[in-house]
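Read through the structure below, which is laid out as structure tokens, and then see the notes.
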Number of protein chains: 2
Amino acid sequence: MKAPASASTPGSVAEPPEPRWLTQEEQRVWRSFMEGVTLLDDHLDRQLQRDAGMPHVYYGLLVKLAEAPRRRLRMTELAMLAKITRSRLSHAIARLEKNGWVHREDCPDDKRGQFAVLTDQGYEVLRQTAPGHVEAVRQAVFDRLTPEQQKSLGEIMRIIAEGLQPAEAGADLPWLR
Amino acid sequence: MKAPASASTPGSVAEPPEPRWLTQEEQRVWRSFMEGVTLLDDHLDRQLQRDAGMPHVYYGLLVKLAEAPRRRLRMTELAMLAKITRSRLSHAIARLEKNGWVHREDCPDDKRGQFAVLTDQGYEVLRQTAPGHVEAVRQAVFDRLTPEQQKSLGEIMRIIAEGLQPAEAGADLPWLR
DNA sequence: GGCCATTTGTTTAAAGTTCAAGGAGGGGCC
DNA sequence: GGCCCCTCCTTGAACTTTAAACAAATGGCC
């Protein structure tokens with residue numbers, strides 16, 4: 001495909017600029033990325049579904065709760081930490097509540113608010129399944145990468161994440177970032 | 001948490017080995033990774049849902065078909081290329097067929113077989129939406145990374161993907177790898 | 001040919017996600 | 001107080017994904 005002569009000096013008629021296609025090498029990088037992510041995500045989802053009876057995202061929610069003071073977080077805060085919508089979180093917490101791993105509690109300060117609280121039972125599930133999960137992550141990722149690659153991966157993904165962080169997110173909750 | 005004295009010289013009673021927990025730094029890497037992936041995936045899904053009326057995975061299927069000889073692929077082959085299950089593919093193709101972007105065709109050599117074929121209309125959708133999609137990928141990823149980081153990302157994700165590739169996958173279709 | 005394990009692709013139902021809409025409370029402003 | 005806009009969270013419907021079960025065709029083997 002050839003760029004039209006006007007590509008660098010567009011006339012008065014509005015033309016869409018020539019798309020900045022990916023080079024061969026960029027395409028290879030992008031495909032490796034998508035494949036790696038897809039395979040890894042599926043792998044961890046299956047591992048956790050099998051050993052903990054929940055998808056990876058749900059597991060991540062329990063982890064965030066376990067790390068929080070008093071093992072509880074406001075719904076909106078948890079949603080932001082986990083990078084999911086509040087709607088999705090609502091459904092997820094409903095499911096985890098049915099399992100007895102989380103329960104909801106009203107917020108005394110704000111009657112609109114809800115806390116998601118990790119139950120003892122939920123904590124126990126986490127305690128029992130965490131070793132298997134870390135091991136899976138290690139085998140799939142860290143065991144295969146050199147320390148330099150690990151560092152590099154961290155930097156790269158941090159950059160990408162920062163670029164996509166909704167601008168307002170946590171503007172008033174800066175300690176979450 | 002302290003490792004028991006027996007950790008390095010286990011006695012005759014079977015004990016689970018002390019889990020290889022992630023270090024602080026490894027945790028930071030892992031979280032950046034998960035966050036970046038989550039945000040990026042959501043971002044691209046929304047972009048394509050808005051501009052092309054389909055999720056990212058479905059778009060990927062059309063791309064694979066467009067690149068294939070005669071714009072067609074056997075279901076199993078396409079599933080392997082896209083790293084998804086055949087079941088998921090069946091549903092996806094059904095949906096794309098309803099849109100008129102793909103149609104199924106019987107395989108003359110193998111009466112069990114089906115080809116998924118990209119229609120002209122499907123190709124047209126791809127042609128119109130590809131520029132917007134590449135641009136989104138560029139802005140979110142390539143524009144933010146140095147050439148070295150891009151190269152590094154490619155290597156790292158290739159390593160991770162290889163480690164998770166089901167052993168049999170494409171054993172008899174080596175040219176797909 | 002006949003048998004049997006395997007491959008191919010689909011189907012069903014359950015589970016998870018998304019999107020748009022909505023109820024209820026907070027908080028500023030008059 | 002009363003009004004209005006915003007935030008917090010939930011809901012229901014539509015859609016996508018998963019897991020398990022299935023029919024049909026293949027291919028090796030006797």
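Here is the naming used below: chain letters follow the sequence lines, and residue numbers restart at 1 for every chain.
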Are any of the side-chain heavy atoms of [X] and [Y] separated by less than 4.5 Å?
X	Y	result
B:Arg144	A:Ile160	no
A:Leu44	A:His133	yes
B:Leu62	B:Met54	yes
A:Leu118	A:Arg72	no

Looking at [X] and [Y], would you say the former's side chain and the latter's main chain have a donor-acceptor pair under 3.5 Å?
X	Y	result
B:Glu97	B:Arg104	yes
A:Ser152	A:Glu148	no
A:Asp110	A:Arg112	yes
A:Arg50	A:Leu48	no

Checklist line | Proximal nucleotide (of C:dT8, C:dT18, D:dC9) relative to the A:Gln114 side chain | finding: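 Of the candidates, D:dC9 comes closest.
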Next item on the list: With heavy atoms under 4.0 Å as the rule, sort B:Arg104 into base, sugar-phosphate or nothing.
Entry: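 Sugar-phosphate contact only - B:Arg104 comes under 4.0 Å of backbone atoms but never of a base.
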Check: If you look at every strand shown and take non-hydrogen atoms under 4.0 Å, does A:Phe115 touch a base, only sugar-phosphate, or nothing?
Finding: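 No contact.
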Margin query: Tell me which pairs pass ring-ring contact (aromatic ring centres under 6.0 Å, His included) where either residue lies in residues 84-118 of chain A, with sequence neighbours left out.
Written below: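 Sorted result for residues 84-118 of chain A: empty, none.
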Next item on the list: Take A:Thr85 and B:Ser90, find for each the nucleotide of DNA chain C with the closest heavy atom, and name the residue whose nucleotide sits nearer the 5' end.
Entry: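 Residue closer to the 5' terminus by nearest nucleotide: B:Ser90.
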Check: Quick one: what's the B/S/- string for nucleotides 19-27 of chain D, heavy-atom cutoff under 4.0 Å, read 5' to 3'?
Finding: BB---BBS-
Item checked: Residue-phosphate contact under 4.0 Å: B:Arg95 side-chain N/O, D:dT16 OP1/OP2 ->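 Result: yes.
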Check: Below 4.0 angstrom from OP1 or OP2 of D:dC8, is there any side-chain N or O of A:Arg86?
Finding: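 Yes, because at least one side-chain N or O of A:Arg86 sits under 4.0 Å from OP1 or OP2 of D:dC8.
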Checklist line | Listed partners of B:Glu26 passing side chain to side chain contact (heavy atoms under 4.5 Å, CB included), at least two apart | finding: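 For B:Glu26, the residues satisfying side chain to side chain contact (heavy atoms under 4.5 Å, CB included) (neighbours in sequence not counted) are A:Arg138, A:Phe142, A:Gln150, B:Leu22, B:Thr23.
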Could you check how far [atom1] of [X] sits from [atom2] of [N], rounded to whole Å?
X	N	atom1	atom2	value
B:Leu78	C:dT10	CG	P	11 Å
B:Leu48	D:dC15	CG	P	18 Å
B:Leu89	C:dT11	CG	C1'	14 Å
A:Met80	D:dT7	CE	P	13 Å
A:Tyr58	C:dA14	OH	C1'	12 Å
A:Arg88	C:dA15	CZ	C1'	13 Å
B:Arg50	C:dC19	CZ	C1'	15 Å
A:Glu77	D:dT7	CD	P	16 Å

Margin query: Is it the case that over 12 heavy atoms from other parts of the model lie below 6.0 angstrom from the NZ atom of A:Lys64?
Written below: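 Count over threshold, so yes.
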Margin query: Give the residues of residues 65-75 of chain A touching DNA chain D, defined as any heavy atom closer than 4.0 Å, sorted by residue number.
Written below: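 Nucleic-acid contacts, sorted: A:Arg74, A:Met75.
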Margin query: My understanding is that only residues two or more places apart in sequence, or in another chain, count here; which of them pass side-chain hydrogen bond (donor to acceptor under 3.5 Å, both in side chains) with B:Arg95?
Written below: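 For B:Arg95 there are no side-chain hydrogen bond (donor to acceptor under 3.5 Å, both in side chains) partners, ignoring immediate neighbours.
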What are the atom names and distances for every N/O pair under 3.5 Å that joins the protein to nucleotides 1-3 of chain D?
none

